[in-house]
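Chain identifiers are assigned alphabetically (A, B, ...) following the order of the sequence lines, protein sequences preceding nucleic acid strands; residue numbering begins at 1 within each chain. The basis for the numbers below is simple: all heavy atoms, side chains too, and nothing from hydrogens, waters or symmetry mates.
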Number of protein chains: 2
Amino acid sequence: MDDGLSLVFAALADPTRRAILARLAEGPAPVTELGRPFDISAQAVSKHLKVLERAGLISRSRQGQWRPCRLEAAPLERAGGWIEQYRAVWEDSLGRLEQEIDRIQGRQDHADD
Amino acid sequence: MDDGLSLVFAALADPTRRAILARLAEGPAPVTELGRPFDISAQAVSKHLKVLERAGLISRSRQGQWRPCRLEAAPLERAGGWIEQYRAVWEDSLGRLEQEIDRIQGRQDHADD
DNA sequence: TCGATACTCAACCTATTGGTTTATAAGCCG
DNA sequence: CGGCTTATAAACCAATAGGTTGAGTATCGA
């Protein structure tokens with residue numbers, strides 16, 4: 001379970017981490033600020049950041065005594081791309097799945113995983 | 001970690017389950033067929049399917065001695081929607097993030113999580 | 001230099017995950 | 001009925017996740 005996509009999805013599978021990413025979408029922030037909204041220790045925040053970093057979703061730099069974190073969107077884009085494969089399925093507004101299934105089956109290039 | 005989005009992302013954070021979904025995109029299939037590509041027991045497959053079902057990603061019916069599984073795309077759509085929030089960040093092709101950050105900050109409606 | 005602040009590392013705890021094996025239920029068919 | 005196939009349930013196990021506390025490192029500021 002340590003391929004890139006799995007790491008990204010696993011990192012997203014936690015509300016605290018998703019909230020951290022949402023905060024980072026507004027701009028870089030140091031660890032303490034990222035942890036402020038949550039009722040957990042700074043160490044726990046540090047662990048969450050490590051998970052996000054391992055998934056490539058954030059990068060950390062150094063600025064004095066602070067370690068500002070910055071959102072890295074590339075993995076989100078890959079994850080979004082994987083999900084987009086299935087757009088045809090949920091866009092079938094009439095519930096006639098078969099048509100779209102045919103379309104998917106007709107594809108040559110779906111690297112399924 | 002048991003809200004809807006977390007369940008969906010957690011379910012997607014496993015290559016076996018993603019491959020199962022990819023197979024199901026081609027149409028419903030019974031458990032044995034879904035497990036055929038993998039070198040794990042039928043019971044393990046059953047567990048994976050239970051995870052997918054709890055996330056709402058599949059539904060199971062009954063047809064004689066088989067339990068065909070069907071892909072349910074709605075949760076994928078919600079997950080995709082969450083990720084799409086960040087499209088502005090990764091679409092900044094010039095790497096000038098600040099502009100996009102300003103745009104995001106200007107939003108009134110970002111339900112962050 | 002000393003104290004406060006920001007952050008991380010290490011050890012520990014409990015719950016969950018992903019797999020196993022064994023046993024059980026349900027439906028087909030001879 | 002009896003045996004085969006499909007599928008799930010339950011108990012178990014090692015590894016991981018998410019949290020804690022305690023200790024340690026690094027930087028600022030007086």
Side-chain angles (χ1 to χ4, degrees), chain A residues 1-21 23-24 27-71 75 113, chain B residues 1-24 27-71 113:
Chain A
M1 228 247 284
D2 46 358
D3 61 298
L5 258 189
S6 296
L7 285 175
V8 174
F9 281 130
L12 296 181
D14 182 289
T16 302
R17 286 194 294 264
R18 287 199 305 279
I20 288 174
L21 291 180
R23 165 63 189 80
L24 288 177
V31 177
T32 304
E33 181 180 338
L34 290 175
R36 197 161 353 254
F38 313 108
D39 194 19
I40 57 177
S41 64
Q43 293 89 328
V45 176
S46 203
K47 278 193 179 183
H48 280 304
L49 294 176
K50 191 149 57 177
V51 172
L52 290 169
E53 188 175 35
R54 210 162 88 85
L57 285 162
I58 66 169
S59 60
R60 286 189 273 192
S61 56
R62 168 128 236 170
Q63 194 168 303
Q65 66 198 123
W66 293 277
R67 264 74 144 212
C69 300
R70 169 179 291 276
L71 179 61
D113 182 52
Chain B
M1 228 246 285
D2 45 0
D3 60 296
L5 258 188
S6 296
L7 286 175
V8 173
F9 281 131
L12 295 180
D14 182 289
T16 302
R17 286 193 292 263
R18 287 198 305 280
I20 288 175
L21 291 181
R23 166 62 190 81
L24 287 177
V31 178
T32 305
E33 180 180 338
L34 290 175
R36 196 160 357 251
F38 314 107
D39 196 18
I40 58 178
S41 64
Q43 292 89 329
V45 175
S46 203
K47 279 194 179 184
H48 280 305
L49 294 177
K50 191 149 56 176
V51 173
L52 291 170
E53 188 176 33
R54 210 161 89 85
L57 285 161
I58 65 168
S59 59
R60 287 188 271 191
S61 55
R62 170 128 236 171
Q63 194 167 304
Q65 66 199 126
W66 293 276
R67 264 74 144 209
C69 299
R70 168 179 291 275
L71 179 62
D113 179 53

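- Summary of the strand contacts: P68(A) and I40(B) both lie near DNA chain C, and taking for each the nucleotide with the nearest heavy atom, the more 5' one is attributed to P68(A).
- Spacing between atom CZ of R17(B) and atom P of dT16(C) amounts to 15 Å, rounded to whole angstrom units.
- Going from atom CG of L52(A) over to atom C1' of dC7(C) covers 16 Å, rounded to whole Å.
- Not counting sequence neighbours, S46(B) has no partner by the side-chain hydrogen bond (donor to acceptor under 3.5 Å, both in side chains) test.
- For the pair S46(A) and dT8(C), the criterion of a side-chain N or O lying under 4.0 Å from OP1 or OP2 is met.
- Rounding to whole angstrom units, CG of residue L49(B) and C1' of dT8(D) are separated by 11 Å.
- Among residues two or more places apart in sequence or in another chain, the side-chain hydrogen bond (donor to acceptor under 3.5 Å, both in side chains) test is passed with E53(A) by R60(A).
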For a quick test of your reading: what N or O donor-acceptor pairs under 3.5 Å do the side chains of residues 32-41 of chain A make, sequence neighbours left out?
| unit_1 | atom_1 | unit_2 | atom_2 | d |
| --- | --- | --- | --- | --- |
| E33(A) | OE2 | R23(A) | NE | 3.0 |
| E33(A) | OE2 | R23(A) | NH2 | 2.6 |
| S41(A) | OG | A44(A) | N | 3.2 |

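- Ranked by how close their nearest DNA chain D nucleotide is to the 5' end, E33(B) and K47(A) are led by E33(B).
- One finds no side-chain N or O of K50(B) lying less than 4.0 angstrom from the OP1 or OP2 phosphate oxygen of dA7(D).
- Rounded to whole Å, the distance from CZ on F9(B) to C1' on dG18(D) is 19 Å.
- In terms of heavy atoms, A13(A) sits closest to A10(B) at CB-N, 3.4 Å.
- Proximity of H48(A) to the phosphate of dA17(D): no side-chain N or O atom is located under 4.0 Å from OP1 or OP2.
- In this structure a side-chain-to-backbone donor-acceptor pair under 3.5 Å is missing from R67(A) to S61(A).
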Quick one: what's the B/S/- string for nucleotides 21-30 of chain C, heavy-atom cutoff under 4.0 Å, read 5' to 3'?
-> BBB--SBS--

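- Screening I20(B), L21(B), V51(B) for a side chain to side chain contact (heavy atoms under 4.5 Å, CB included) with I58(B), the sole residue that qualifies is L21(B).
- A straight line from CG of L7(A) to C1' of dT16(D) spans 13 Å, rounded to a whole angstrom.
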